[in-house]
Amino acid sequence: MRLLTHNMLSSKIKGVSNGFPLRIEVEKVIEKQVELNPDFLKNIFPKVDWKALVEAGRTMGFAELPEEADLLMLDSSEFLSKFHHALLELHLEEGALVCPETGRKFPVNKGIPNMLLHEDEV
């Protein structure tokens, strides 16, 4: 699971008012090379919750992102490279996503998060 995916997931458990961002528990992280596409990065940047991305990157062992970012930084090839790596090349292969409010763990196996709810959570 890429951090791009993580940045868009939230806990939908009944009664949960703050299900984002999901905390990451890491068992295995892999890196997959992806061709850098500056146009894609510039278009997705406004949709990304930066604070959640930075925290997720650190949890997965990548601490190269600045605490805060703005649109002007997209003109820097160094920034784009780091943003690209965190967003698209780091993959949570095995682990869990944890609801920040309830502590419910959603397993991630072979890079696929299982966000299915139990009957009593719907």
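Values below: every heavy atom of this structure, side chains too, minus hydrogens, waters and symmetry copies. Treat the numbers as computed from the prediction; the structure is a model and nothing was measured.
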(request) Compare all side-chain heavy atoms of E121 with those of K14 and state whether any distance is below 4.5 angstrom. (result) no
(message) Between L97 and M1, is there a side-chain heavy-atom distance shorter than 4.5 Å?
(response) yes
(request) Answer yes if L9 and F20 sit in the same cluster of Ile, Leu, Val, Met, Phe, Trp and Tyr residues linked by side chain heavy atoms under 4.5 Å apart, and no otherwise. (result) no
(message) When you group the ILVMFWY residues by side-chain heavy-atom contacts below 4.5 Å and let the links chain together, are V16 and V98 in the same group?
(response) no
(message) Test of understanding: clusters of I, L, V, M, F, W, Y form through side-chain heavy atoms closer than 4.5 Å, transitively. Do I112 and L116 belong to the same one?
(response) no
(message) Ignoring hydrogens, what is the shortest heavy-atom contact between S11 and C99? Give both atom names and the distance.
(response) OG-SG, 3.3 Å
(message) Measuring only between side-chain heavy atoms, which start at C-beta, is L74 closer than 4.5 Å to L80?
(response) yes
(request) Look at the side chain of N7 and the backbone N and O of D49, then say whether any donor-acceptor pair between them is shorter than 3.5 Å. (result) yes
(message) Is there a side-chain contact between F45 and F40 in this structure, where contact means two heavy atoms from C-beta onward sitting under 4.5 Å apart?
(response) no
(request) Specify the closest pair of heavy atoms between V29 and M60, including all atoms of both residues, with the distance to one decimal. (result) CG1-CE, 3.9 Å
(request) Following the transitive rule for hydrophobic clusters with a side-chain heavy-atom cut-off under 4.5 Å over Ile, Leu, Val, Met, Phe, Trp and Tyr, establish whether L36 and F83 coincide in one cluster. (result) yes
(message) Less than 3.5 Å apart, any donor N or O on the side chain of E89 or H84 sitting next to an acceptor on the other?
(response) yes
(request) Kindly indicate whether the side chain of H6, heavy atoms from C-beta on, has any atom under 4.5 Å from the side chain of L92. (result) no
(request) May I have the step-by-step check of side-chain contact (heavy atoms from CB on, under 4.5 Å) for K32 and L90, ending in yes or no? (result) CA-CA 7 Å; K32 295 181 182 179; L90 291 177; over 6 Å; no
(request) Taking the side chain as every heavy atom from C-beta outward, state whether L3 and I24 have any atom pair closer than 4.5 Å. (result) yes
(request) Check A96 against K105 and note the closest heavy-atom contact, atom names and distance. (result) CB-CB, 4.4 Å
(message) Check this for me, if you would: do K82 and E78 make a salt bridge, where the nitrogen-to-carboxylate-oxygen distance has to be below 4.0 angstrom?
(response) yes
(request) Sequence neighbours left out, what passes side-chain contact (heavy atoms from CB on, under 4.5 Å) with D120? Give chain and number order. (result) H118
(message) Restricting to non-hydrogen atoms, name the atom on R104 and the atom on L117 that form the minimum distance, rounded to 0.1 Å.
(response) NH2-CA, 3.9 Å
(message) Quick check: closest heavy atoms across E67 and W50, and the distance to 0.1 Å?
(response) O-CD1, 3.4 Å
(request) Could you check if a side-chain atom of N43 sits within less than 4.5 angstrom of a side-chain atom of L41, using non-hydrogen atoms only? (result) no
(request) For residues P66 and M73, report the shortest heavy-atom separation together with the two atoms involved. (result) CG-CE, 3.7 Å
(message) Assess whether a salt bridge exists between E101 and R23, defined as any Lys/Arg side-chain N lying under 4.0 Å from an Asp/Glu carboxylate O.
(response) no
(message) Tell me whether E93 is salt-bridged to K110, with the criterion being a basic N under 4.0 Å from an acidic carboxylate O.
(response) no
(message) Are the side chains of L88 and L4 in contact, using a 4.5 Å heavy-atom criterion?
(response) yes
(message) According to a hydrophobic-cluster definition based on side-chain heavy atoms being under 4.5 Å apart (Ile, Leu, Val, Met, Phe, Trp, Tyr only), do M8 and L53 belong together?
(response) yes
